[in-house]
Structure formats: structure tokens, C-alpha cells
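Letters go in sequence order (proteins before strands), and every chain restarts at 1. Predicted model, so just to flag it, every value in this text is computed and none were measured.
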2 protein chains.
Amino acid sequence: MNSFTEENYLKAIYKLSLKEGQGVSTNAIADILKTKPSSVTDMIKKLADKKMVSYQKYQGVNLTKKGRDVAVSIIRNHRLWEVFLVEKLNFKWDEVHDLAEELEHINTHKLTERLDEFLGFPKFDPHGDPIPDKDGNIVQHKDITLSDLSTGEKAVIVGVKEHSKSYLNYLEQLQLVLGAEVEVKDIVEFDATMSVLVNKKQTIISNQASKNLIVKKI
Amino acid sequence: MNSFTEENYLKAIYKLSLKEGQGVSTNAIADILKTKPSSVTDMIKKLADKKMVSYQKYQGVNLTKKGRDVAVSIIRNHRLWEVFLVEKLNFKWDEVHDLAEELEHINTHKLTERLDEFLGFPKFDPHGDPIPDKDGNIVQHKDITLSDLSTGEKAVIVGVKEHSKSYLNYLEQLQLVLGAEVEVKDIVEFDATMSVLVNKKQTIISNQASKNLIVKKI
DNA sequence: AATAAAATTTAGATTAGTCTAAAAATATAA
DNA sequence: TTATATTTTTAGACTAATCTAAATTTTATT
């Protein structure tokens, strides 16, 4: 069995390897997990002993199949619990992350599968992130963001790239939630600030905000 | 915040003080938690520092109000999750204990209250144990067991005093589940083995089994 | 290519929870 | 009521995960 801590490291390495590609760096892991690089080195050695990662000193770390399987299954749990919290317990999308961080570690096959069934086999979590299926297959978003659109284009919001409470909360106030339709009315050339139409209301959003909103053109 | 371990100690002390009364013994705690008496002594000191228990060397330990509140809230979580697992995820009553042992430690007020509401404010868990309300009030069973009945008496099953998988499984096979009606047909004088009628079928059960079945006379 | 900067690893210490073995206190029994 | 058994505590050690500070390696810059 793996400890919560080991699982959190595997999850962090998985997420970083999607961005960074091969050879995830010690510092990047320390950053995500809010720990120190020296602690990361220690844990990496332990995970390497367990054949969860492959590792050569100073060269970064990569997940083995075994490690990736654990990471994906934790992510599957996390996202299923988020769906549960939002759809069944009426939490808002900015409230569920921390709770799901705890629930995800109850990594029992039967519980996960029953929960999946209870929820009707959802494909996406409340932030639009894809839920891996029970064999660990996961469809990645093609990352078209609101900031990629040109004036006049329309799109539906399908996800977010930033999960902070403050960002999610801000989006909700602007009614920029999953499924909402947006139309780009104007783009400021200088800093890419956008005017968009959402539910017949015109709103101004910064590039910082628009580049973290994943959309699908319509 | 309390660690999982601290919470498990508090829960164990709470449960023992219902049985043993004042001054729960070090050995009894070690027994329940499958640890050693020396470890228990260490933890008791820690909990005493935190004002969770009152403790005098060699005289056993008692929960303070603070400690009892934590214990009861963990038990509340545990039993609510058991209801969820059985009623929503279709687990059987002999499968839910271990999962609930993990879920109970996600001790967040809002989650507990939302779960309670989602489940329709249940009063008992799938084993008939009472669920403490959100203020920590808990109704204790008056322990009339099947073994207390005389020939000819009828009763409804309302709970169990023993929660092992094998016992619960055995009961289920005999259809001795919560809500079932039983009628005592015969009692062997020698060892108190009982013949009982359940769902029109006659069954023989040992005293060991009947004294762990909590019933309500009808 | 030499040097400065950044990243990473090592060494040694710390904390929580556990253990064994021995000592001390309490309970039981002749 | 003294001896014996049982229970409980202490002392000292161990493991997992972390940290700081120093050493080492890699990368970037002149």
C-alpha cells in the first residue's frame, strides 16, 4: 500500500509530466506540494525503490506504468468525488477541491466503481476536467482558450485551467460557468482585454482570466 | 487539528467508557486499537496535554467534554457514511465498516451536515446503531437482546452488538436483518440455543449469536 | 572555456507514532 | 500481609516524512 504522501507525490509528478514532458524537476514538485527540494529528493528515492518512478540523479523523474496507474486512479477518485459533492450535496465548484483531496485517497476499487455508477458514469468533473475511465484511459482537453478567439467568434465554456477559489468564484459572478455561451465582441490590442457577451450581458475580462478558460467554438 | 490516530484513540476511549464506565484502562485501549500498552500511555499523555482527556497515572483515562465532542462527531460521520454506502451505493451491511473507518476522519462540519441532509436525516445506521445529531446528542439502545426473550415472545430486530463481517454475514443468510420479526419457539435449557421463526422459516441459533442481536418486543 | 547562478543532493536533526525490555505501581491470593 | 501476578509506565530505539545548511552537479553567461 501507498501512504497518502506517496500518492500525492505521484499525482504531482503525473500532472507536471503533462506540462513539462520528460524528466520532471525536483523544484517543480517541491513547489506544487509546498515542501522543500530536499524532501522531494528523499521521497523520489523511496518511490524509485518501489518501482513507481524511474530516476537518475540530477536528471529529473518519470513515472513508471505502475506509478502512472496509481496517479490516474487517484485523479479518477478525486474527480468522481467532486461530481458527487456538487451534484448530490450541492456544493459549489469553488468549494470541492479540498474535500476531494481527502476523499481521493480512499482508493478502494469497489467504492470507486460504485460511486461512478451512482453518479451515472460522468465524463467530466465540475471544472470540466475529464474523468479517467476505470481502465485509466483519459481524454485530454484540446486546450482552446477564450483568449484564442477572435472578435465575432462564439464558443461554449468547457473547462478551466486554473482552479483557485478566487478565480472560480469570480467566473461564477460573471456567469462564466460550464456550458455558458460566450461571444467575443471586442479585444483591446494593447493587453488582450476582452469584451464578451454572456447571457445577453456584456462583460470585460482580462487576458489573465480569458487564457484560463477552456472553450469549444460553435 | 487532530490526527487520524488521535481521533481513533478518542473514539476507542469513548466506546470503552460506555462499557467500562469511569477510568478506561490502558490495556483495553491497546486491545481495541491493536497496539501496545506503552504506545497507549504515550498517546494518552499527548491527549491530556491537548485537554482531550483527563488522566492520572495508573488510574485510567476519561474524556473531557472537548474529547467527547470530537469522538461523538467522528462516530456521527462514521454512521452517516455507512448509511450512504448501504442506501446509495448498495453495499451490504457487512462491507461498510472499513470504508467508513476511513471516511469518518474527513471531519468537516459542512460536509457532514450536507451528507446528513442528503440522506434524509437518518436516525440509525445500517446496523441499528443510533446516529448522534449535529449537537452530539445520542440516544443509547436499551439493550434487550434476543437471548432475553422467553418462549412464545415476538420481537423486531433493531440492532447488533457485534459488528464482525462473519457475524453480519451469518445473520443475513438467516434473514435476521434489521426490521425482521422473530418469534421464539423453543429454548434449550442446557446452552440456551434457540429455535426461532423468521419469515415463516424455523431457524436454530446459538446463545453466542442471540445475545448479540438487539430486539424490541412486540 | 571559465565562472557565476541555479538546481539538486547529502548529511544530520526533528517530530509523530510506534516498539521492546525493564522498572514501578497496583491488584490478587495464599 | 507478604508474595505473586498483572497492569502500567519509563527508557531508549526505530521508521516515515520533514527540515536546514552545506556540498555537489548542472546550466547559463560572459
Side-chain angles (χ1 to χ4, degrees), chain A residues 1-13 15-17 19-63 67 70-71 74 101-102 104-105 107, chain B residues 1-13 16-17 19-63 67 70-71 74 101-102 104-107:
Chain A
M1 262 312 289
N2 311 298
S3 68
F4 283 21
T5 313
E6 288 168 335
E7 290 179 351
N8 285 333
Y9 272 89
L10 292 173
K11 199 172 45 141
I13 297 166
K15 288 186 175 173
L16 284 167
S17 62
K19 282 189 210 163
E20 295 198 356
Q22 285 294 94
V24 174
S25 80
T26 304
N27 270 5
I29 299 169
D31 238 51
I32 284 198
L33 297 178
K34 292 180 164 81
T35 181
K36 302 293 168 188
S38 56
S39 309
V40 174
T41 303
D42 285 347
M43 181 54 85
I44 286 172
K45 285 178 180 170
K46 190 179 169 192
L47 292 171
D49 285 347
K50 290 184 143 194
K51 311 282 184 210
M52 292 289 182
V53 300
S54 59
Y55 166 64
Q56 274 180 282
K57 271 194 200 176
Y58 297 100
Q59 304 308 304
V61 68
N62 292 294
L63 292 176
V70 173
I74 302 297
E101 284 288 293
E102 301 196 57
E104 69 185 11
H105 296 290
N107 199 12
Chain B
M1 263 312 291
N2 311 299
S3 68
F4 283 20
T5 311
E6 288 169 335
E7 290 180 351
N8 285 334
Y9 272 90
L10 292 172
K11 198 172 46 143
I13 297 166
L16 285 167
S17 62
K19 283 187 208 162
E20 295 197 356
Q22 286 292 95
V24 174
S25 79
T26 305
N27 271 3
I29 298 169
D31 238 50
I32 283 197
L33 297 179
K34 293 184 165 81
T35 181
K36 303 294 168 188
S38 56
S39 308
V40 174
T41 304
D42 286 348
M43 181 55 85
I44 286 173
K45 285 177 180 170
K46 189 178 170 192
L47 292 172
D49 285 348
K50 290 183 142 194
K51 311 282 185 210
M52 292 289 182
V53 300
S54 59
Y55 165 65
Q56 275 179 281
K57 271 195 200 178
Y58 296 101
Q59 303 307 303
V61 69
N62 292 293
L63 292 176
V70 174
I74 301 298
E101 284 288 294
E102 302 196 57
E104 68 186 11
H105 297 292
I106 301 173
N107 199 13

Knowing that exactly one of Ile44(B), Thr35(B), Val53(B) qualifies, which makes a side chain to side chain contact (heavy atoms under 4.5 Å, CB included) with Tyr9(B)? Thr35(B)
Within residues 49-59 of chain A: residues closer than 4.0 Å to DNA chain D (heavy atoms): Tyr58(A), Gln59(A)
With a 4.0 Å limit, can you tell me whether Lys45(A) has a side-chain N or O closer than that to the phosphate oxygens OP1/OP2 of dT10(C)? yes
side-chain contact (heavy atoms from CB on, under 4.5 Å) between Val61(B) and Ile29(B), worked out: CA-CA 10 Å; Val61(B) 69; Ile29(B) 298 169; 3.8 Å; yes
If I compare all heavy atoms of Pro37(B) with all of Thr26(B), which pair ends up nearest, and what's the gap? O-CG2, 3.5 Å
Taking any heavy-atom pair under 4.0 Å as a contact, classify Thr41(B): base, sugar-phosphate, or nothing. base
Around atom NZ of Lys51(A), are there more than 12 heavy atoms of other residues, nucleotides or ligands at under 6.0 Å? no
Here the distance between atom P of dT9(C) and atom CD1 of Ile44(A), to the nearest Å, is 6 Å
For Asp42(B) and dT15(C), what is the distance between atoms CG and C1' respectively, to the nearest whole Å? 13 Å
Return the value, rounded to whole Å, for the distance between atom CD1 of Ile29(A) and atom P of dT18(D). 12 Å
Is a donor-acceptor pair below 3.5 Å formed from side chain Ser38(B) to base dT20(C), judging by atom type as modelled? yes
Is any side-chain heavy atom of Glu104(B) closer than 4.5 Å to a side-chain heavy atom of Asn8(B)? yes
Side-chain N,O (Tyr9(A)) to OP1/OP2 (dT18(D)) below 4.0 Å: yes
Look at the side-chain N and O atoms of Asn27(A) and state whether any lies under 4.0 Å from the OP1 or OP2 oxygen of dA6(C). no
The answer to which of Ser39(B) and Lys34(A) contacts DNA chain D further toward the 5' end, by nearest nucleotide, is Ser39(B)
note: Phe4(A), atom CZ; dA16(D), atom P; distance rounded to Å ~ 17 Å
Glu101(A) meets the salt bridge (Lys or Arg N to Asp or Glu O under 4.0 Å) criterion, sequence neighbours left out, with Lys11(A)
Specify whether Phe4(B) and His105(B) have parallel, tilted or perpendicular ring planes, treating 30° as the upper limit for parallel and 60° as the lower limit for perpendicular. parallel
I need the CD-P distance between Glu6(A) and dT18(D), as an integer number of Å. 10 Å
